Amino acid sequence: MVVNFKVFKKCSPNGKVTLYLGKRDFVDHISGVEPIDGVVTVDPEYLQGRKVFGQVVCSFRYGREQDEVMGLNFQKDLFLASEQVYPPPEKLDRNNTRLQERLLKKLGPNAVPFAFNVPASAPASVMLQPGAEDEGEPCGVQYYVKIFVGETETDRSHRRSSVAMGIRKVQYAPSKQGRQPCTVVRKDFMMSPGEMELEVTLDKQLYHHGEKIAVNICIRNNSNKVVKKIKAMVQQGVDVVLFQNGQYRSSIASMETQEGCPIQPGSCLQKVLYLTPTLSSNKDRRGIALDGQIKREDTNLASSTLLASPDQRDAFGIVVSYSVKVKLFLGALGGELTAELPFVLMHPKPSKVRLVHADSQADVECFRQDTVDCADVEFAVQAC
């Protein structure tokens, strides 16, 4: 009895090259990224002296595919890793993983292991939600592992003897909460005595996707103005690093209330508002940042981007941040008073569940590929 494992499999259109990966999500721990490891099977008779090369490609699309006219191209492919896979190098400084050992034993002598290392500063997998009228690939950052046959690693690969499988570079929420967000803002008035004070506190700094955010509001009106209504919103900040003016914000959850208003001079109000940012309420919003997709299924709002330092922003990346903004409306002559607090929105680190299964069984997800760029078609099979 051994631990059950899951394998993703994809073949080249001519069936001569097959790629196996144990997972498609690779975790960025900020200090480093998990190595991308797997196994490749090849038909030696088909090679006829040629070699098999592997690459990790980061594809960054920063413009709509339908606008690519007159030779314009809004996509850049960055080769983050590239090396010869078969024949395998004579000296290897790494040990095979347990999954690789299992696959090599099952697949026979034509199977070879590989492992690629991705730079820690590489951008996270993020896509921007397209509009209803947009066609083609969405803007954003995508990754895939590519295996191809050629004379050198700079050869232009032939589609029939190439295989590419999409992967994601992901980050998970830290295990510890940070400092509780809190801010106090005040506003005085040129022609009136006293000031308006707004204190906003969140119940914690780190939230998981789908979790309700409690916004604690305390208003102290020491002026002669009147608070007409209160508005709270969650804003998603997107920074497309490639462009100097590529920063924008979108409100993804909001609510207005007049409960407790008007707040008269000399009065105070303490109130808690609850906001839940979800993709379901932003389905038709073009430009909303989403987590990268590897299958044709629904995703969720993009997670906050964690950086070791602000200088580590990759030029071909998209940095996502979140904040809660509270606004007081003071009437025509009073203007507005605004407070803002940043917070972190991420997925929790998945728990490791050990499943016991028979040694002769392996859960394999297989993908059929007619060309390198076609969509993945998934079906479950049992390895013998």
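Values in this document were obtained by computation on a predicted structure and should not be read as measured data. Each residue takes its place number in the sequence, starting with 1.
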[X] and [Y]: which non-hydrogen atoms are nearest, and at how many Å?
| X | Y | answer |
| --- | --- | --- |
| Arg61 | Arg64 | NH1-C, 3.9 Å |
| Val163 | Ser12 | CB-N, 4.0 Å |
| Thr276 | Gly210 | CG2-O, 3.8 Å |
| Ala289 | Val320 | CB-CG2, 3.9 Å |
| Pro44 | Asn110 | CG-OD1, 3.4 Å |
| Tyr143 | Cys58 | CE2-CB, 3.7 Å |

Spacing of [atom1] belonging to [X] relative to [atom2] belonging to [Y], to within rounding of 0.5 Å:
| X | Y | atom1 | atom2 | answer |
| --- | --- | --- | --- | --- |
| Lys187 | Thr338 | NZ | OG1 | 8.0 Å |
| Cys268 | Lys271 | SG | NZ | 15.0 Å |
| Asn95 | Asp37 | CG | CG | 12.0 Å |
| Leu279 | Lys283 | CG | NZ | 4.5 Å |
| Gln177 | Arg179 | CD | CZ | 13.5 Å |
| Lys225 | Leu328 | NZ | CG | 14.5 Å |

Salt-bridged, [X] to [Y], with N to O below 4.0 Å?
| X | Y | value |
| --- | --- | --- |
| Lys106 | Glu101 | no |
| Arg220 | Glu199 | yes |
| Glu34 | Lys169 | no |
| Glu256 | Lys229 | yes |
| Glu340 | Lys327 | no |
| Arg50 | Glu151 | no |

Note, [X] side chain near [Y] side chain (heavy atom, < 4.5 Å):
| X | Y | value |
| --- | --- | --- |
| Val226 | Leu330 | no |
| Val170 | Asp28 | no |
| Met127 | Gln293 | yes |
| Lys16 | Val42 | no |
| Ile213 | Pro277 | yes |
| Ile167 | Asp25 | no |
| Leu104 | Asn96 | yes |
| Thr305 | Ser321 | no |

Practice task
Assess whether side-chain hydrogen bond (donor to acceptor under 3.5 Å, both in side chains) is satisfied between Ser59 and Gln75, documenting all intermediate values.
Solution key: CA-CA 7 Å; Ser59 180; Gln75 179 173 330; 2.8 Å; yes

Main-chain N/O of [Y] paired with [X] side-chain donor or acceptor, under 3.5 Å:
| X | Y | value |
| --- | --- | --- |
| Arg24 | Phe8 | no |
| Asn282 | Ile252 | yes |
| Lys10 | Ala164 | yes |
| Asn221 | Gln264 | yes |
| Gln84 | Pro87 | yes |
| Ser162 | His158 | yes |
| Arg186 | Met196 | no |

Handout entry: Non-neighbouring partners of His29 that pass ring-ring contact (aromatic ring centres under 6.0 Å, His included), sequence neighbours left out
Key =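 If we apply the ring-ring contact (aromatic ring centres under 6.0 Å, His included) test to His29, skipping adjacent residues, there are no hits.
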
Exercise for the section: Under the ring-ring contact (aromatic ring centres under 6.0 Å, His included) rule, collect the residues that match up with Phe116, sequence neighbours excluded. Expected result: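 Result, ring-ring contact (aromatic ring centres under 6.0 Å, His included) vs Phe116: Phe114.
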
Problem - For Asn300, the option from Thr278, Leu345, Leu290, Asp291 that meets side-chain contact (heavy atoms from CB on, under 4.5 Å) - result: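 Between Asn300 and the candidates, side-chain contact (heavy atoms from CB on, under 4.5 Å) is satisfied uniquely by Asp291.
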
Shared ILVMFWY cluster between [X] and [Y], side chains joined below 4.5 angstrom?
| X | Y | value |
| --- | --- | --- |
| Leu301 | Val126 | yes |
| Val324 | Val184 | no |
| Val141 | Phe243 | yes |
| Val241 | Tyr322 | no |
| Val234 | Tyr274 | no |

Practice task
Check the surroundings of atom CG in Asn73: do more than 12 heavy atoms from other residues, nucleotides or ligands lie under 6.0 Å from it?
Solution key: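 Yes - once you tally the heavy atoms of other residues, nucleotides and ligands closer than 6.0 Å, there are more than 12.
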
Exercise for the section: Could you tell me whether Gln244 atom CD has more than 12 heavy atoms of other residues or ligands within 6.0 Å of it? Expected result: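 Open: at most 12 neighbouring heavy atoms sit under 6.0 Å from CD of Gln244.
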
Handout entry: Hydrophobic cluster (4.5 angstrom, side-chain heavy atoms) - remaining members for Met346
Key =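 Under the 4.5 Å side-chain rule, Met346 groups with Ile30, Leu206, Leu306, Val344.
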
Practice task
Give me the other members of the hydrophobic cluster that Phe53 sits in, counting Ile, Leu, Val, Met, Phe, Trp and Tyr linked by side-chain heavy atoms under 4.5 Å, directly or via other members.
Solution key: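 Under the 4.5 Å side-chain rule, Phe53 groups with Phe148.
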
Exercise for the section: Kindly write out the residues that satisfy side chain to side chain contact (heavy atoms under 4.5 Å, CB included) with Leu107, not counting sequence neighbours, or none if the list is empty. Expected result: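 By the side chain to side chain contact (heavy atoms under 4.5 Å, CB included) rule, Leu107 matches Tyr20, Val39, Thr41, Leu103, Ala111.
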
Practice task
Mind jotting down which residue pairs meet the ring-ring contact (aromatic ring centres under 6.0 Å, His included) criterion with at least one end in residues 176-216? Sequence neighbours excluded, please.
Solution key: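 Checked against ring-ring contact (aromatic ring centres under 6.0 Å, His included) - neighbours excluded - the pairs reaching residues 176-216 are Tyr207-Phe343, His209-His347.
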
Problem - Cation-pi check, Lys349 onto Tyr172 ring (under 6.0 Å, within 45° of axis) - result: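 No; the conditions do not both hold, so Lys349 does not lie above the ring face of Tyr172.
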
Handout entry: Stepwise side-chain contact (heavy atoms from CB on, under 4.5 Å) check, Lys325 with Lys231
Key = CA-CA 8 Å; Lys325 190 173 185 178; Lys231 182 176 183 179; over 6 Å; no

Practice task
Under the side-chain contact (heavy atoms from CB on, under 4.5 Å) rule, what do Leu337 and Phe329 come out as? Steps first, then yes or no, please.
Solution key: CA-CA 7 Å; Leu337 178 58; Phe329 296 87; over 6 Å; no

Practice task
Check step by step if side-chain contact (heavy atoms from CB on, under 4.5 Å) holds for Val27 and Val33.
Solution key: CA-CA 6 Å; Val27 182; Val33 183; over 6 Å; no

Problem - Step-by-step salt bridge (Lys or Arg N to Asp or Glu O under 4.0 Å) determination, Lys204 to Glu211 - result: CA-CA 11 Å; Lys204 54 185 179 180; Glu211 201 171 354; 2.3 Å; yes

Practice task
Please report the C-alpha distance between Val326 and Leu198 in whole Å, then the side-chain angles of each, then the deciding distance to 0.1 Å, and finally whether the side-chain contact (heavy atoms from CB on, under 4.5 Å) criterion is met.
Solution key: CA-CA 9 Å; Val326 177; Leu198 170 62; 4.2 Å; yes

